[in-house]
Protein chains: 2
Amino acid sequence: MSKRPTSRDVARVAGVSQSTVSIVLAGKAEGRVKPETRQAVHEAARRLGYRPNLAARNLRLGRTRTVLLVVPTLTGPVFGPIYAGAAEVAADRGFGLIVHPWPDDAGPARSQVDTQAIEGVLASSIVGGVTDFGDLPVVLMDSDPAAPAPTINFDVAGGMRAIAGHLAALGHRRIGHVAAAVDAWTFRVRGEALADAFPGSLVRRTAAIDVAAARQAALALLDRPGRPSALVCDDDVIAAGAYKAARALGLDIPGDLSVTGFDDVLLATALEPELTTIRLPAEHLGAAAMTALLELLGGRRPPGVSLPGELIVRRSTAPPASP
Amino acid sequence: MSKRPTSRDVARVAGVSQSTVSIVLAGKAEGRVKPETRQAVHEAARRLGYRPNLAARNLRLGRTRTVLLVVPTLTGPVFGPIYAGAAEVAADRGFGLIVHPWPDDAGPARSQVDTQAIEGVLASSIVGGVTDFGDLPVVLMDSDPAAPAPTINFDVAGGMRAIAGHLAALGHRRIGHVAAAVDAWTFRVRGEALADAFPGSLVRRTAAIDVAAARQAALALLDRPGRPSALVCDDDVIAAGAYKAARALGLDIPGDLSVTGFDDVLLATALEPELTTIRLPAEHLGAAAMTALLELLGGRRPPGVSLPGELIVRRSTAPPASP
DNA sequence: CTGAAAGCGCTTACAG
DNA sequence: CTGAAAGCGCTTACAG
């Protein structure tokens, strides 16, 4: 429980001045401090278990090498991998990463985060349109590329086209779209890509991302004459609701109805039958976004990125019963 | 993009000394600074949009008023609410809360967190036995109360007894337990409570917390003569695996087999039929744990806490077919 | 009731 | 090649 050692303590033990310690430990000794002195400093630092005081360094430098990851909710299954990817890149470059769960129901006003302690922000704008982080550099994930900030995106349009292609190849013509009732770029794009793939023949219903709401919406689509032979859902949770609607109507999946999801979260394989869906490279997205943010911090202007997903065909899709 | 205002700027505008600004803004002016001076200081600070530099304060004070929440994985559905509860209490007391997702597969060695920037730790020891955070004050959640640190727990034994009582009341006598193959207090307690409730008549199988593994374990329990009439699962994900096993064997839930879960996560209502399970007060747990940690930081020794869960009866349980 | 001063631990010109 | 000094912005005794 003794006092933390400071650079002054290291200096005393190494028999040099405090400034020499600082220079050596910062790796700026090349050609300025002779090798044996460097040696002695490193040796002393190691022996004392010295670690520089961050508050002092930050005060002196006026920067913190810390970046903020804003996530809409801690429990979104995609955010674990996004964090992991971002954290690894950050660590490699000597940056800290602070996670800031942004309550879905609260504005930025409630934010506890002190912007002064942060140098940049990684945000997933699924939160809504809010992208106001003062004048901090920002990189947006899964957001409208038209935004002023660089965007690192999943290729959701491509994913949706893959689903549409899969369904079309199976012979489906009457498609129902259970869309997420969330005002976000990612869902707008899904809707547009699907509509483009089935021009004129698409029926749509929106629902909150919630099993019960999705069930209702799917029911509305299904419980009428000329019902769709396939339901394309904006995400896996919504697909779970579609399953419930099918069961309520006595429709077999995939015999009477094909269903697709989006995201490939745990649910996709917990459902019965397992769900055909799009797997998103979330960890890769996090890493790419952090790389872009560090570029931005370095004064460069990183290009936008779009990462392809992968169609995972499982047992929830099959040719329509009566074509 | 002009320079951040400092307390010196505020002093100049208010026409007082920098130390007076500091005293007033720290709320320590009572009886030391006359009201109109205080007024002027607050006024000036507001006008300039002054906010104290945290690095300077931390350096001066040698403390950070920041606490760490260690969670095993960001995607565990319980951690969102735990964070929310803890963050609110922390904010009320002027503390920051940093989330540190602790990769399941990495030791503390990989930890990026600089312990010096942190005053205390809130940990959910589901991670494993690891509770070494240097000599930082720690409060453990959902962990063995025999640990040296204060523990804030769900009453998992009580929850399991509620499930056992529910099943016994329905008439079940042959119970199968699909246990989590995780070495953690919370699961040991679940197993013991269940065994106590059905002495001698319990069959058990362990599985990773994973749908496919749980399916295998449930299959082993079910696919033999004298099979259990009810499967008690250590958590909702495992229950999803049990559903799959039942379906594979052509067993109807709850007609031929009752199934119960634990946690009441999204899955519980996504499954068909919806799952009887135990709802845990996760947000309350987070708040109680943070309160305890702040007590500990204040030099007091907070008592352990055990929070009751709630039995949520849904359609996955019914009387056994042939008693 | 208010101000001048010291000092937290660091980094970085600047002297020598 | 190395050291003495300034200063980042605060808080807190201490003087007056």
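Here is the naming used below: chain letters follow the sequence lines, and residue numbers restart at 1 for every chain.
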(request) Look only at the side chain of T20(A) and the backbone of V16(A), and say whether a donor-acceptor pair between them is shorter than 3.5 Å. (result) no
(message) Nearest whole Å is fine: how far is dG9(C) C1' from L48(A) CG?
(response) 15 Å
(message) From CG of N58(A) over to P of dC10(C), roughly how many Å is that when rounded to an integer?
(response) 12 Å
(request) Strictly below 4.0 Å, heavy-atom distances to any atom of DNA chain C: list the hits from residues 11-24 of chain A, or just say none. (result) Q18(A), S19(A), S22(A), I23(A)
(request) Respond yes when some side-chain nitrogen or oxygen of T6(A) is under 4.0 Å from OP1 or OP2 of dC8(C), and no when none is. (result) no
(request) Ignoring hydrogens and angles, tell me if any N or O in the side chain of D144(B) forms a donor-acceptor pair with the backbone of A146(B) under 3.5 Å. (result) yes
(request) Report the distance from atom CG of N53(A) to atom C1' of dG9(C), rounded to the nearest whole Å. (result) 6 Å
(request) Whole angstrom is fine here: how far is it from CD in E36(B) over to C1' in dT2(C)? (result) 13 Å
(request) With sequence neighbours excluded, tell me which residues meet salt bridge (charged side-chain N to carboxylate O under 4.0 Å, His left out) with R8(B). (result) none
(request) Find the distance R60(B):CZ to dA6(C):C1' and express it as a whole number of Å. (result) 8 Å
(request) Quickly work out the L59(A) CG to dC10(C) P distance and round it to whole Å. (result) 12 Å
(message) Under a 3.5 Å distance rule, please check whether S19(B) uses its side chain to pair with a backbone N or O of S17(B) as donor and acceptor.
(response) no
(request) Please determine, for the side chain of P52(B), which listed nucleotide (dC1(D), dG9(C), dC10(D)) has the closest atom? (result) dC10(D)
(request) Please name the residue in the list I82(A), L69(A), V89(A) that meets the side chain to side chain contact (heavy atoms under 4.5 Å, CB included) test with M290(A). (result) V89(A)
(request) Verify, without hydrogens or angle tests, whether R38(A) (side chain) and V33(A) (backbone) share a donor-acceptor contact under 3.5 angstrom. (result) yes
(request) Measure from the side-chain heavy atoms of V33(B) and tell me the nearest of dT11(D), dT2(C), dC10(C). (result) dT2(C)
(message) Quick one: does any side-chain atom of R65(B) pair with a main-chain N or O of R93(B) as donor and acceptor, under 3.5 Å?
(response) yes
(message) Please tell me if R32(A) has a side-chain N or O lying less than 4.0 Å from either OP1 or OP2 of dC1(D).
(response) no
(message) For a quick test of reading the model, state the closest non-hydrogen atom pair linking L293(A) to G120(A) and the distance between them.
(response) CD2-C, 4.0 Å
(message) dG9(D), OP1 or OP2 - any side-chain N/O from R8(B) closer than 4.0 Å?
(response) no
(message) Is S7(B) close enough to dC10(D) that one of its side-chain N or O atoms is under 4.0 Å from OP1 or OP2 there?
(response) yes
(request) Round to a whole Å and report the spacing from CG of L25(B) to C1' of dT11(D). (result) 12 Å
(message) Under 4.0 Å from OP1 or OP2 of dT11(C): is there any side-chain N or O of K28(A) that close?
(response) no
(message) Using only atom types and a distance under 3.5 Å, with no angle test, would you say the side chain of N58(B) pairs donor to acceptor with the backbone of A55(B)?
(response) no
(request) Would you check if the side chain of E119(A) reaches a backbone N or O of V67(A) as a donor-acceptor pair within less than 3.5 Å? (result) no
(request) Could you summarise the pairing of DNA chain D as dot-bracket text, marking Watson-Crick and G-U pairs under 3.5 Å with ( ) or [ ] inside the strand and | across strands? (result) |||.||||||||.|||
(message) So L61(B), base contact, sugar-phosphate only, or nothing? Heavy-atom distance under 4.0 Å.
(response) sugar-phosphate
